[in-house]
Amino acid sequence: MEDVSVTTSWQSQEPSERSAVIDLSAVWHNVVRLTQLARGRKLIAVVKADGYGHGAPEVARTALSAGADLLGTAHVSEALALRYAGITAPVLSWLHTTSTDFLEALEHNISLGISGWELHAILSAARETGKTATLHLKIDTGLGRNGSTAAQWPDLVERVVAAQNQGLVHVEGIFTHLSVADEPARGDETMEQLNALTDAVRIARKAGLKPTMIHAANTPALLSADQLEDPDYILRDAVRVGLGIYGLSPFEDRTPKDFGLIPAMTLRTRVANVKAVPAGHGVSYGLTYRTETPTHLALIPLGYADGVPRVATGAPVHIGGRVYPVVGRIAMDQCVIDLARGKTVTPEGIPAGTPMVDEAVDPMVHIGDEAVLFGAGDHPSATEWADASGSINYEIVTRVSPRVPREYTSHSHLTLGDVTVSRSASALAAHSLPQDPRPTRDSSGESYTQPNWTLTRYPASAEETQLIARKLATHLKAGDLLMLNGELGAGKTTFTQGLGAGLGVREGIISPTFVLSRQHPNLPGGSNPGGPDLVHVDAYRLDTAADIDNIDLEDTVATSVTVVEWGTGKVEHLSESRLVIDIVRPRGAVGAPSAAFSLDYEINRAAGETAESERAGTETAETETIEPGADISRALAALNEEWDESERNTDEPRTIIMRGYGPRWSERLDL
């Protein structure tokens, strides 16, 4: 048989022999999506193990720009590497040894997860540095790894309380690690762990600790939370997400696409050799594979020294629109594919058709062609390589060796903060980049389903909340739709008052809870004469979009700025573009009205209290006395004042998360 060793007719200018291409726009997209699913909780972006092999500093900067609140690492040394890279955002590290440098950790403001034994060393470091250590106490609720046992917990809490009274530590959080969150059918075991966490938090608070960040949910818990009767019970105050940031699914029966995620890593190289061989030719060490027919073998210069699992025989390699299985044993530096066993890839990325045996004569693969082991889109997935090796996709991406250079790319139209990425023409041309993460119409054509961007701000007071809203008002015009979410007392009315001041509308903005909708006209002599009116709506007691139509918002939406509280799933049809604003009250929050909330009870209570006030001969500035038989609206106004007062009488910080949807908000706001 003629020995055919041909090179491709197109020689790429790609400088690297092999690389792991990291699409930072995919990371950005995934963080935005996970933030949506977290529904206002703080998002801890886990970047341990060098960002699961993707590059910790690059992923960390991208995640923070997309809305992540904190970073998470296993080891303090990993957190210090982020600090040395210039990243100043909060970082939590939780896996320590007797060699952990707690002095350096405190000097660089790294929060520490502790199980118990570390406390003595941390207190020594706090005394030496003069810095208060920020702690997250870990309770072992059943995983059997790190964390205090339930029996040890009261003693640990007692010691921490004593240290806190001395000013040596501040307890910011309490957390646990779930064992089987990636197996939803074992929900009873997960619930047992969550109940144990609740008990531990109760003990800590009773002893005098005031943690503001209770967290248990990892990526699988976050992605499956909506299957629980009470998702809040697993989401708590914060979620720690790792795998999802990198666009991978933790479930055997669900793909990243099912959750709106995009794989961020593409492992690729170039074919190093192609040669014709006869039937019965052996391949690689042990000759565990022999060709069935005359064929061509192609050499792929990636092996187990590069992180490719040695046992992954049969795993897919994508070249030129076709997928070929690895044959024979994978060696240290290389593996082999049999071109006679290639299958065409469909648009969904699934091999289809019968093997092509005529490649023995005319190979469709040439030296220099790009070969992709796994990636996004039509490429094989990391999960397929995990299946072939009997492993999990976590391991596949994490084990990619430092011998494989990381190359960073992104969609140029995305705002990535201070992330520095490679956008060389050759790199962009050589790789099949993931689907554009900018929003598209959903199947009904009614609204854009993915945000263009996320912006997070941290006002420390009601005044700062209103200042952010006033700045936002300068960007608003008639026809804009704002969806405002937050618990009672979170600051929704305070925020809307700031908007009103910036828009120059009539003063007196209060919660529209009982009247459903209020219109505040623009003032000709105000700060923005000729500007739009403000329509303020509370949709909590409205169940559907049809109920919204009954209050005639469509008559005013084109000429006003419309702000709708609790409008998710109800008002998106009013405009193809919208701003979604979540206001999160991190501590001491009052829960949102439950299904058991009795409006009649609150009305009657308010009326009764004001009547009692009258009988006692008292009157306050906030509560007007009600004459017998007076209109109940005064009671409603009194209750509004009571609820609004809960927003004003607090100096607690807030987190404001803004997301822009649709063409109106294609560009990220600068506030």
Set out, in order, the CA-CA distance, both residues' side-chain angles and the distance that settles side-chain contact (heavy atoms from CB on, under 4.5 Å) for Asn218 and Leu222, then state yes or no. CA-CA 6 Å; Asn218 50 11; Leu222 174 59; over 6 Å; no
Pair Phe175-Ile214, side-chain contact (heavy atoms from CB on, under 4.5 Å): steps then yes or no: CA-CA 6 Å; Phe175 72 114; Ile214 311 304; over 6 Å; no
For salt bridge (charged side-chain N to carboxylate O under 4.0 Å, His left out), just list the numbers for Glu370 and Arg268, CA-CA rounded to whole Å, side-chain angles, deciding distance to a tenth of an Å, and then say yes or no. CA-CA 7 Å; Glu370 183 173 73; Arg268 43 74 57 200; 3.3 Å; yes
Side chain to side chain donor-acceptor pair (under 3.5 Å), that's the test. Do Ser179 and Glu189 meet it? Break it down for me. CA-CA 8 Å; Ser179 308; Glu189 292 167 272; over 6 Å; no
Show your reasoning for whether ring pair (Phe, Tyr, Trp, His ring centres under 6.0 Å) applies to His318 and Tyr324. CA-CA 6 Å; His318 186 198; Tyr324 304 87; 8.9 Å; no
For side-chain contact (heavy atoms from CB on, under 4.5 Å), just list the numbers for Leu43 and Arg240, CA-CA rounded to whole Å, side-chain angles, deciding distance to a tenth of an Å, and then say yes or no. CA-CA 6 Å; Leu43 189 138; Arg240 300 186 312 274; over 6 Å; no
Let me see the working for Val76 and Glu78 under side-chain contact (heavy atoms from CB on, under 4.5 Å), right down to the final yes or no. CA-CA 5 Å; Val76 164; Glu78 296 174 311; over 6 Å; no
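Of the possible polar contacts, one joining the Asp101 side chain to the Glu104 backbone as a donor-acceptor pair under 3.5 Å is found. Between the side chain of Thr291 and the main chain of His281, a donor-acceptor pair closer than 3.5 Å is present. His54 places no side-chain N or O within 3.5 Å of a backbone atom of Ala20 that could act as its donor or acceptor partner. Here the side chain of Thr269 pairs a donor or acceptor atom with the backbone of Glu17 at under 3.5 angstrom. Checked by atom type and distance alone, the side chain of Thr288 never pairs as donor or acceptor with a backbone atom of Gly328 at under 3.5 Å. Under a 3.5 Å cut-off, the side chain of Ser249 and the backbone N or O of Arg254 do form a donor-acceptor pair. At least one donor-acceptor pair under 3.5 Å links the side chain of Glu118 to the backbone N or O of Ser115. A donor-acceptor pair under 3.5 Å is absent between the side-chain atoms of Ser111 and the main chain of Leu92, judged by distance alone. Counting only distance, with no hydrogens or angles, the side chain of Arg18 and the backbone of Pro301 share a donor-acceptor pair below 3.5 Å. Judged purely by atom type and a 3.5 angstrom limit, Glu384 uses its side chain to pair as donor or acceptor with the backbone of Ser381.
Here the shortest heavy-atom pairing between Gly242 and Val46 reads CA-CB, 3.9 Å. Between Leu112 and Ala105, the shortest heavy-atom distance links the atoms CD2-CB, 4.1 Å. The minimum heavy-atom distance linking Thr141 with Leu197 is given by the pair CG2-N, 3.8 Å. Taking each heavy atom of Tyr408 and Gly55 in turn, the nearest pair found is OH-CA, 3.3 Å. Contact detail for Pro184 and Gln227: the closest heavy-atom pair is CB-OE1, 3.9 Å. Among all heavy-atom pairs drawn from Ile234 and Thr190, the shortest one is CD1-CG2, 4.1 Å.
The NZ atom of Lys42 sits 15.0 Å away from atom CG of Leu235, with the distance rounded to the nearest 0.5 Å. Residue Asp140 holds its CG atom at 8.0 Å from OG of Ser148, rounded to the nearest 0.5 Å. For the atom pair His296 NE2 and Ile337 CD1, the distance stands at 12.0 Å (nearest 0.5 Å). In this structure, Thr176 OG1 and Leu178 CG are separated by 6.5 Å, a value rounded to the nearest 0.5 Å. Note that the OG atom of Ser19 and the CD atom of Glu407 stand 3.5 Å from one another [nearest 0.5 Å]. In this structure, the separation between CD1 on Ile114 and NE2 on His96 is 8.0 Å, given to the nearest 0.5 Å.
Looking at Ile245 and Leu34, their side chains come closer than 4.5 Å, going by heavy atoms from C-beta outward. Using a 4.5 Å heavy-atom threshold, the side chains of Pro220 and Phe251 count as touching. Between Ile44 and Leu71, the closest side-chain pair of non-hydrogen atoms is not below 4.5 Å. Side chains of Pro309 and Tyr304 form no contact here, defined as non-hydrogen atoms less than 4.5 Å apart. No side-chain heavy atom of Ile22 sits less than 4.5 Å from a side-chain heavy atom of Thr409. Side-chain contact between Val274 and Leu339: present, with at least one pair of heavy atoms (C-beta onward) separated by less than 4.5 Å. Contact check for Leu302 versus Val404: side-chain heavy atoms found under the 4.5 Å cut-off. Between Asn146 and Trp94, every side-chain heavy-atom pair lies at or beyond the 4.5 Å cut-off.
At a cut-off of 3.5 Å, with distance as the only test, a side-chain donor of Asn393 or Thr383 sits close to an acceptor on the other residue.
Here the rule is side chain to side chain donor-acceptor pair (under 3.5 Å) with His215, and of His177, Arg236, Arg41, His136 only His136 fits it. Under the side chain to side chain contact (heavy atoms under 4.5 Å, CB included) rule, Val365 has a single partner from Ile319, Leu297, Val317, which is Ile319.
Crowding of Arg83 atom CZ: a count of heavy atoms from other residues, nucleotides or ligands under 6.0 Å exceeding 12. Within 6.0 Å of atom CG in Asp226, more than 12 heavy atoms from other residues, nucleotides or ligands are found, so the atom counts as buried in its surroundings.
A salt bridge is absent between Arg399 and Asp306; no separation between the charged side-chain nitrogens and carboxylate oxygens falls under 4.0 Å.
By the 30° and 60° cut-offs, the orientation of the rings of Tyr394 relative to Tyr52 is tilted.
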